[in-house]
Structure formats: structure tokens, C-alpha cells
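Note on naming: letters A, B, ... go to the chains in the order of the sequence lines (proteins, then strands), and numbering restarts at 1 for each one.
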Number of protein chains: 2
Amino acid sequence: MADQIRVAIAGYGNLGRGVEAALRQNPDMQLVGVFSRRDPESVTLLDPSVPVYAMSEVETFKDEVDVMVLCGGSKTDLPEQGPHLAQFFTTVDSFDTHATVNDYYAALDAPAKKAGTVAMMSIGWDPGLFSLNRAFGEAVLAEGETYSFWGKGLSQGHSQAVRSVEGVKKGVQYTLPSEDAIARVRSGEQPTLSTREKHVRECYVVLEDGADADAVREAIVTMPHYFAEYDSVVHFIDDDTFAREHTAMPHGGFVIRSGVTGDGNRQSIEYSLKLDSNPEFTASALVAYARAAYRMAKRGESGARTVFDVAPGLLSPKDPAQLRKELL
Amino acid sequence: MADQIRVAIAGYGNLGRGVEAALRQNPDMQLVGVFSRRDPESVTLLDPSVPVYAMSEVETFKDEVDVMVLCGGSKTDLPEQGPHLAQFFTTVDSFDTHATVNDYYAALDAPAKKAGTVAMMSIGWDPGLFSLNRAFGEAVLAEGETYSFWGKGLSQGHSQAVRSVEGVKKGVQYTLPSEDAIARVRSGEQPTLSTREKHVRECYVVLEDGADADAVREAIVTMPHYFAEYDSVVHFIDDDTFAREHTAMPHGGFVIRSGVTGDGNRQSIEYSLKLDSNPEFTASALVAYARAAYRMAKRGESGARTVFDVAPGLLSPKDPAQLRKELL
């Protein structure tokens, strides 16, 4: 298509591969290249005809790319890459460190405004679609309680954080909802539950040769924002067990808004996800928001944006009249 | 509060009463008046200190009202009141005739653009929050099927349509999902189901003295957009049975997007509502979108708008940084 949106991917791991796959399902967009800090020759895409470039060259593609989808991790990659790339491209990322979203927002907003680009941050399902459902629930049912539950599933951001610890060779992290907490919320009791009470974080780690297990465990469970606030458990396993039991990436969870209107009428909104592949679902959200970011930049917007700032119609390939006719 | 949003209600039935109740839960807004075609003396509000005015006077309140919430029915009231009131006020309505949304959109858009007002249409849960979930589901999971199920519950729009038939003294309409259809969708089968196959419409009618039951039944089941496309059943009952069994207004339903990403990974999104009071929930959505309409008009937007056009953050009383910090 002559007028396809030209998309590039910065960082090609599970998420980047998911973005490549999602772009194939959206004919109004086209993958024009992948940028990697690895040797481009060593990066194998689903479609070998798409070029892979060194990340160091990325600035020279300023006029060849409409939207750059950032597929690095939130802990070390995005805080550096996000603000840097926003100087040259309209970007979309999945930044998921809830505690520092406003710092990251400010770090993106300044360069994006200066460059006239849109920097769409924290896209995916949480943050992302779950955030939206928390906001809709609270706005529509002003009196009530909102509950977010995750899992059982593998958390990409937290797995990345585990892998960032010195001495960790391979690592994954699963979040499990507390069955007791779910039952209390579904009963309509509107309990007060801390994040700690609602979930457990379970890590499976393969150590580097010679690494100190106790030091690794301590570094993980005390990591601020990621583990310190939770009941976190670290299991050490060998390479074979890891390969056999910890390579699938299912996830899921739900957001419940339990509210009251009028003279004591109970109203309940529940949003739930069941995902065979967490990175592919996050990637699919990134691609839908890439379409929106492109449209917002094209109509002259600039600066940092989150899901709260995006009119939902901008996500759809359908034009507004068609959307109203088919989906309203 | 000095800077509260000044809201008025046009039409005071179940929905109007729900809007009055919802406004009490939102301290940034204030109910400044109710407009009715009935004798104002005969209209009893929850708060008797709020003034009731004749609808014929409404234009003179142009500068006293920030948002007019239209609480009439879609069949006869809104097609006339919506375009008329958009000439004077930023409006919000719950227009729910899916088949004619683009006609209604056009009828609102011209006067609203001319007057510099925002005319927010088709707000509620379907159309409204369900529409949004159909759009999000389809945008994020480009390959898949979307299913909307309603009920069991009382449908306000369809009950209003039943009551508009000559010879009907009292009438309600319930929508029931087909249990078989739900089971097939939840299995992940992605069946093709017509609206007719997914639901049954059941009407309970008290006839006016001397009305012809067969003529009433025929007028209902052949009504285009409302009943003609469904399996519709009409039961005739007496006043006492109606009062005893058909005055509560529960509802609910769900939207499921069942999709596939990558190499055959199944991804499922489910949005569900369980409502003790359908009109109070719709009213709560109207109030949240009244806040958004006010903000959009204030920043210079004008014309018709639907849920697809509203950035979700505009629904919340929280400012953008607080929203990001607390809900992202």
C-alpha cells in the first residue's frame, strides 16, 4: 500500500518479535526495519527480507520511519532510549515501572515537544488496557472500589528486572493472585487489600557459574518498585529445568470495579484477559497505539502521551463513520 | 464549589432521576435545574430545592447551564430534542438506535458546530462502554471475532419503543442471551452467530382498555431496528402482575473478543457488567461524559461526538499527572 504507516522496531527480543507478528495482521502498516544493539547479522527476523540496522545508525532514518516501537525493558533500556529516540521519531513504548511514570513522562515530554513528535508511553495491558479500565470504572462509578489482579502469569518487566541482577544467568518471574483475596472481592465485600495481600511474586533463577545464591536472592527481593513491596520467593533451578518448564509466556488477570449508585444499587464492571502469549498481546497493543500516535503526530500534536490521552477511535483502522455504523 | 460544572437535565423519568443521583456522587458538578414538558409543579425531584422549569423556557437558560443532559427516549424525544438543544447547549444523550447513529450524528453535528457546542451522543453502556470494548478488542486483536451478549435484563430503549405503540398502557422488554450461543463462544469456537441466534426479546404489556391485542403484538414484533430482526415474544398481563413482577430494572451482559496472535496463540478479552439498576448505570456514564463534554467544549471543540472521540482521561475528575500516578 502506498500510504502504509512506516513502522520500525527498536530492540528485537520477545516483544519485538511480537510487534513484527502483529504488524502482519494490520495491512495499513508496514515494518520498514529493525534496530538492534546486537550485531545486525546475528538478528533473525520472522521475515528475512526486512533489514536489520545497528542502533547506532538510528538517527539517520529520521525521515524513513513514521513510528518507532521501542521494545526494550523498563529498567535500563527505556529510561535512556525513550527520551533519546523521541528527539527523532514518534515513539510507542511499554514502560511499566508504575512508581516512576511521571518522571518518565517528563523525560519524554520535553524532547518530544521540542522535536514535534508524539512519545506514547506505558502501552500494553498493565499499564495500558488495565489502566484504562481502572479509569473508566472510577469515572463512571464514582463511589466504589477498584481491584486489579494479575496472573497466574509470567511478568515480562519483572523477569527483565530479575535478569538484570548480577549472577543471574536465566530468570523468570510469575505473579499469582491470592485466591482468598479474589473470593472476597467477588463477594461484593469491598475489602481493603494491599498489593502484598493480593499477590505473590515467584521467581525461578538459573545462576551464573560461581554466583552467590544468597546475594542474588537478597538483590531480587529488596529491589524497589519491583519486589520490595511484595511477598517474593526465589527458587534456584538448573538449565534443563528452566528449558523444560519456564519458556511459555501465558498471562492474564482482571480489573473489577465494584460500586454503588442511587439508593444502594450494586453495580459491577469486570474486565478480564486470558492470554496464551503475554508479549504478543502487549505487542498487539503497541501496534494499535502506534497507529494512534502516527495520527496524533500527523495532526500536529507533540509531547508525551498515555492511554488516558488517546481517543479510542484513533486506534482503529476504520474511519469514524464506519466505526459508528459498525461498532457503536 | 465556585467552579463546579453547572449541569441541567432535560426530561425527568428513570434516567433523569439516575442523573440527579449520579451528580450527587460527583462533587465537581452541580445540578442547576431540570426541564420538563410536564407541568413543573408535578415533577418531584430527589432534592426539592432544585428548580424545575418548563421545557419551553429552556433557551433562556443558555448562559446558566454548562452541560444539558438529555434524558428522553431515542425513538421520538431525542431525534427532535437533540438537534434543537445543541443550538444552545453542550449536550450529552444516550441515543441508542444503532441502525441510525450516523443520521443522528449528522443531525447533531451541524447545529453544534454552528453554535460552538459539543453534542455527545449515544452514551451509556450499549451504545457506550460496550461500543468502546468492541473497538478496543478489534483494534488490539486484529484477527478474531467479537461477541456482544445482553441480559437477562430490562432494556430501556426497547421498553420505551413498546410503550410508544398505540394501545399499550404499560410495557417492558427483557433481552435474554441464548445459553447455547454463550457456551459456543466461551469454548473458543469463534462461531458465526446472527443477532437473532444470540438473543430473544421478551415483552410484557398491559393493554389500554379496548385495545386490540393482535394489532399491538403485530406493531411491536414488526418494528424496524427494535424488534423486526429478533425473535420477539409479547405477553399480555394485567396491572397487578406488572406492578408485582416488572418494576425492577436489572441488566447486564458482556463483550468478548476472541483473537489469535503470532503462531496460533489464543488471546481473549472479556468485559462484563452486572447491574442492579440499568438506568442508574447509564446515568452514571452520562455524568462522566458530561464532564468530558464540558472540557472539550471549553477547549474549543464543537460538533457531534461519540465515545470513540473522547480521550478517557477527560472522564475523570483527577488531573492528568494524578491519573498517571494513581491509575496507570
Side-chain angles (χ1 to χ4, degrees), chain A residues 17-18 21-22 25-26 98 101-102 105 122 127 129 131-136 138-143 146 259 261-277 280-281 283-285 287-288 291 306-313 315-317 320-321 323-325 327-328, chain B residues 17-18 21-22 25-26 98 101-102 105 122 127 129 131-136 138-143 146 259 261-277 280-281 283-285 287-288 291 306-313 315-317 320-321 323-325 327-328:
Chain A
R17 191 177 305 109
Q25 296 182 309
N26 288 277
H98 292 267
V101 287
N102 275 325
Y105 182 92
S122 299
L129 298 174
S131 319
L132 279 178
N133 278 280
R134 287 188 284 265
F136 279 119
E138 184 176 285
V140 173
L141 295 174
E143 288 182 19
T146 304
T261 63
D263 196 15
N265 285 311
R266 314 264 299 242
Q267 315 273 26
S268 170
I269 308 174
E270 183 164 334
Y271 183 79
S272 69
L273 298 174
K274 283 184 202 145
L275 311 176
D276 272 2
S277 169
E280 284 178 8
F281 189 80
S284 297
V287 166
R291 179 183 291 119
T306 73
V307 288
F308 300 132
D309 307 310
V310 180
L315 303 173
S316 172
L323 260 185
R324 288 191 296 268
K325 185 174 157 56
L327 300 182
L328 195 62
Chain B
R17 191 177 305 109
Q25 297 182 309
N26 288 277
H98 292 267
V101 288
N102 275 325
Y105 182 93
S122 299
L129 300 172
S131 319
L132 279 177
N133 278 280
R134 287 187 284 264
F136 279 120
E138 183 176 285
V140 172
L141 295 173
E143 288 182 18
T146 303
T261 63
D263 196 15
N265 285 311
R266 313 265 298 243
Q267 316 273 25
S268 170
I269 308 174
E270 183 164 334
Y271 182 79
S272 70
L273 298 175
K274 284 183 201 145
L275 310 176
D276 272 2
S277 168
E280 284 178 9
F281 189 80
S284 297
V287 166
R291 180 184 289 118
T306 73
V307 289
F308 301 132
D309 307 309
V310 180
L315 303 174
S316 172
L323 259 185
R324 287 191 296 268
K325 185 174 156 58
L327 300 183
L328 195 64

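Only the side chain of A/A21 comes within less than 4.5 Å of a heavy atom in chain B; its backbone stays farther off. Contacts between A/E270 and chain B at a heavy-atom distance below 4.5 Å involve backbone atoms as well as side-chain atoms. When heavy atoms are compared at a cutoff of 4.5 Å, A/A22 does not approach chain B at all. Both the backbone and the side chain of A/T261 have a heavy atom closer than 4.5 Å to some heavy atom of chain B. In this structure, the portion of B/V310 lying under 4.5 Å from any heavy atom of chain A is its backbone and not its side chain.
Scanning all heavy atoms of the two residues, the minimum distance from B/A142 to A/Q25 falls at CB-O, 3.4 Å. Closest non-hydrogen pair, A/K325 versus B/N102, comes out as CB-ND2, 3.6 Å. Of all heavy-atom pairs spanning B/Q267 and A/D276, the tightest one is OE1-N, 3.2 Å. For the residue pair A/L323 and B/A135, the shortest heavy atom distance occurs at CD2-CB, 4.5 Å. Of all non-hydrogen atoms in B/P312 and A/V307, the two that sit nearest each other are CD-O, 3.8 Å.
Of the residues considered (A/K274, A/E280, A/R134), A/E280 shows the highest number of contacts with chain B, using heavy-atom pairs under 4.5 Å. In terms of heavy-atom pairs under 4.5 angstrom with chain B, the leader among A/G264, A/S272, A/P127 is A/S272. Of the listed residues (A/S131, A/P317, A/A285), the one with the most heavy-atom contacts under 4.5 Å to chain B is A/S131. When B/R291, B/E138, B/H98 are compared by the number of non-hydrogen pairs under 4.5 Å with chain A, B/E138 comes out ahead. Among A/L129, A/D263, A/V287, A/T306, the residue making the largest number of heavy-atom pairs under 4.5 Å with chain B is A/T306. Between chain B and the options A/S316, A/A288, A/S277, heavy-atom pairs under 4.5 Å are most frequent for A/S277.
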query: Does the side chain to side chain contact (heavy atoms under 4.5 Å, CB included) test come out yes or no for B/Y271 and A/N133, once each step is laid out?
result: CA-CA 10 Å; B/Y271 182 79; A/N133 278 280; 3.6 Å; yes
In sequence, state the C-alpha distance, the side-chain angles, and the governing distance for B/V140 and A/L315, and then conclude on side chain to side chain contact (heavy atoms under 4.5 Å, CB included).
-> CA-CA 8 Å; B/V140 172; A/L315 303 173; 5.6 Å; no
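Residues A/F281 and B/N265 are not in side-chain contact: their nearest non-hydrogen atoms beyond the backbone lie 4.5 Å or more apart.
Here the straight-line distance linking atom CZ of A/F308 with atom CG of B/L327 works out to 5.0 Å at 0.5 Å rounding.
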